[in-house]
Amino acid sequence: MSSSRLTSAFFQQDVLDVAPALLGQNLVILSNGLKLTYLITETEAYRGEDDLACHASKGKTERNHIMYALGGYVYVYLVYGMYWMLNFVTGNENDPQAVLIRGIEGFNGPGKLTKQLDINKTFYGEDLAVSERIWVEASGKSERFITAPRVGIDYAGDYWKNVKWRFIRTD
DNA sequence: AGCAAGATCGGT
DNA sequence: CCGATCTTGCTG
């Protein structure tokens, strides 16, 4: 047993458990036969149709349908016409949730890291349990973190914009 | 068919 | 603070 790839069971937990648990784990990308690993340093949780900041708050659409699948798939979308956002679907089927990968070691900012790793629309729906080009490996590093409100969601209203579902690794 | 709104970022 | 940039989803 040499692989420490996180299984789909890990991603099928609630997003509020998965988002902090991803801190200190390694995001692995296979690019041109090269295995690149980056420590995950910052995440954000988006949870269910009630969460007004979550893309699923307006129901299932062409863009967000993967969020309604069982946890363990990649959800990628374009914001502001320029930046790809990398998310992992979590939780149960028909309970739309996802974790936004907001920072990795060396690259803070969700748009910067996808540019660095060359992540785009073609990663949509990739299965983290079996994919040959993207997955997450346990690192054994610490998961100490602080929480803060999520970024860029002022439209979500007083309650949802202030909920502290942003998780930042502290070492 | 048209249009407004983004889970951002870098430069003033 | 402001503009870049373009897909999506809603409206009519």
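The structure presented is a predicted model; accordingly, all values stated were derived computationally and were not measured. Letters go in sequence order (proteins before strands), and every chain restarts at 1.
Using a 4.0 Å heavy-atom distance criterion, A:Gly111 is classed as a sugar-phosphate-only contact. Heavy atoms of A:Ile153 sit under 4.0 angstrom from primed sugar atoms or phosphate atoms, though from no base atom.
Test A:Leu86, A:Val136, A:Ile119 against A:Ile101 for side chain to side chain contact (heavy atoms under 4.5 Å, CB included) and you get one pass: A:Leu86.
A:Tyr155 has a side-chain polar atom (N or O) that falls below the 4.0 Å cut-off from OP1 or OP2 of B:dA7.
One can place CD of A:Glu44 at 12 Å from C1' of B:dT8, the figure rounded to the nearest angstrom. The nearest whole Å value for the distance from the CE atom in A:Met85 to the P atom in B:dG6 is 15 Å. If you take CH2 of A:Trp84 and C1' of C:dT5, they are 13 Å apart, rounded to a whole angstrom. In this structure, the CG atom of A:Leu78 is 13 Å from the P atom of B:dC9, given to the nearest Å. Between A:Asn108 atom CG and B:dA7 atom C1' there is a gap of 16 Å when expressed in whole angstrom units.
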Contacts under 3.5 Å, N or O only, protein and nucleotides 1-3 of chain C:
none

I'd like a table of atom pairs between the protein and nucleotides 1-5 of chain B - only N or O on both sides, under 3.5 Å - with the distance next to each one.
none

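Remark: the backbone N or O of A:Ser31 is not paired with any side-chain donor or acceptor of A:Arg133 at under 3.5 angstrom. Side chain of A:Thr170 to backbone of A:Arg144: a donor-acceptor contact under 3.5 angstrom is found. Looking at A:Thr43, its side chain never comes within 3.5 Å of a backbone N or O of A:Val99 through a donor-acceptor pair. At distances below 3.5 Å, not a single donor-acceptor pair connects side-chain atoms of A:Arg169 with backbone N or O atoms of A:Leu22. At distances below 3.5 Å, at least one donor-acceptor pair connects side-chain atoms of A:Tyr68 with backbone N or O atoms of A:Lys60. Of the possible donor and acceptor atoms, one in the side chain of A:Asp127 sits under 3.5 Å from a partner among the backbone N and O of A:Ala129. Side-chain N or O atoms of A:Ser57 include one that pairs as donor or acceptor with a backbone N or O of A:Cys54 at under 3.5 Å. Of the possible donor and acceptor atoms, one in the side chain of A:Asn87 sits under 3.5 Å from a partner among the backbone N and O of A:Tyr75.
Less than 4.0 Å separates DNA chain C from at least one heavy atom of each of the following residues of residues 50-68 of chain A: A:Thr61, A:Glu62, A:Arg63. The stretch residues 114-129 of chain A has no heavy atom under 4.0 Å from DNA chain B, so no residue of it qualifies as close.
Note on residues 82-94 of chain A: no pairs pass salt bridge (Lys or Arg N to Asp or Glu O under 4.0 Å), not counting sequence neighbours.
No salt bridge links A:Glu105 with A:Lys141; every basic N to acidic carboxylate O contact stays at or beyond 4.0 Å. Residues A:Glu44 and A:Arg102 are paired through a salt bridge, judged by an N-O separation under 4.0 Å between the basic side chain and the carboxylate.
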Under 3.5 Å for both distances, Watson-Crick or G-U wobble, that's the pair rule; now give the dot-bracket for DNA chain B, with | marking pairs to another strand and [ ] for crossing ones.
||||||.||||.
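Closest heavy-atom contact between A:Tyr124 and A:Asn64: OH-C, 3.9 Å. Taking both residues in full, the closest heavy atoms of A:Leu128 and A:Trp135 are given as O-CB, 3.6 Å, listed atom of the first, atom of the second, then distance.
Taken from CD1 in A:Ile104 to CD in A:Gln25, the straight-line distance is 14.5 Å, to the nearest 0.5 Å.
One side chain, A:Asp14 or A:Gln97, offers a donor N or O that lies under 3.5 Å from an acceptor on the other.
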